[in-house]
Amino acid sequence: MSDEDDHDQHGENELVIAPAKPALKQPPMHRVLMLNDDYTPMDFVIEVLEDLFSMESERAKRTMMQVHTEGLALCGIYTCEIAEAKVEQANSYAQQHGHPLQCTMEQE
Ligand code: TYC
């Protein structure tokens, strides 16, 4: 198609609307996982799950038992910055209390 044909098709003064900008992408999400160890008291783990991961008592107990029996469990899914903060808070809180409890994170 020549330039002239193109002009004919749109008309000289016709407004050509650009396609809408694609919607902003959702940020990548990250899983925070809690790992088992042989030394951290169960009640301490439950306290961390309730206070830091906002779990109800029953869910915190179930999650603690899942970590204890299966080796790890999901604590929550967050944006990268929030997940990093949760991991840091959980690990340093455990360390302050002399427990080896560890959380880690991975991208979804
Ligand atoms: N396995 C620990 C115990 O027997 C309890 C425990 C549960 C530790 C979950 C860490 O993330 C954990 N005292």
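Each residue takes its place number in the sequence, starting with 1.
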Practice task
Using the test side chain to side chain donor-acceptor pair (under 3.5 Å), find all partners of Glu47 that sit at least two apart in sequence or belong to another chain.
Solution key: Tyr93

Completion exercise
Rounding to 0.5 Å, atoms OG1 (Thr63) and CE (Met55) come to a distance of 4.0 Å

Identify all side-chain donor-acceptor contacts of residues 75-83 below 3.5 Å with residues at least two apart in sequence or on another chain.
none

For residues 37-46, please give each side-chain donor-acceptor pair under 3.5 Å, one per line with the distance, not counting sequence neighbours.
from, atom 1, to, atom 2, distance (Å)
Asp37, OD1, Tyr39, N, 2.7
Asp37, OD1, Thr40, N, 2.7
Asp37, OD1, Thr40, OG1, 3.2
Asp37, OD2, Thr40, OG1, 2.8
Thr40, OG1, Leu101, N, 3.1

Problem - Residue list, side chain to side chain contact (heavy atoms under 4.5 Å, CB included) with Glu88, at least two apart or on another chain - result: Ser92

Exercise for the section: Not counting sequence neighbours, which residues clear ring-ring contact (aromatic ring centres under 6.0 Å, His included) with Phe53? List them please. Expected result: none

Exercise for the section: Nearest 0.5 Å please: distance from the CG atom of Asn36 over to the CE atom of Met65. Expected result: 9.5 Å

Problem - Leu74 side chain near Leu33 side chain, heavy-atom distance below 4.5 Å - result: yes

Problem - Side chain to side chain, Cys103 and Lys86, heavy atoms closer than 4.5 Å - result: no

Practice task
Provide the full list of salt bridge (Lys or Arg N to Asp or Glu O under 4.0 Å) pairs with a residue in residues 96-108, sequence neighbours left out, each pair given once.
Solution key: Arg31-Glu106, Arg31-Glu108

Exercise for the section: Decide if atom CD of Gln107 counts as having more than 12 heavy atoms of other residues, nucleotides or ligands within a radius under 6.0 Å. Expected result: yes

Problem - Residue pair Leu72, Gln66: steps toward the side chain to side chain contact (heavy atoms under 4.5 Å, CB included) verdict - result: CA-CA 7 Å; Leu72 85 182; Gln66 189 184 353; over 6 Å; no

Problem - Value rounded to 0.5 Å, distance of CD in Gln102 from CG in Leu35 - result: 7.0 Å

Practice task
Scan for salt bridge (Lys or Arg N to Asp or Glu O under 4.0 Å) pairs involving residues 53-74, sequence neighbours excluded, and state none if there are none.
Solution key: Glu58-Lys61

Practice task
Mind listing the closest non-hydrogen atom pair of Glu50 and Ser57 along with its distance?
Solution key: OE2-CA, 3.3 Å

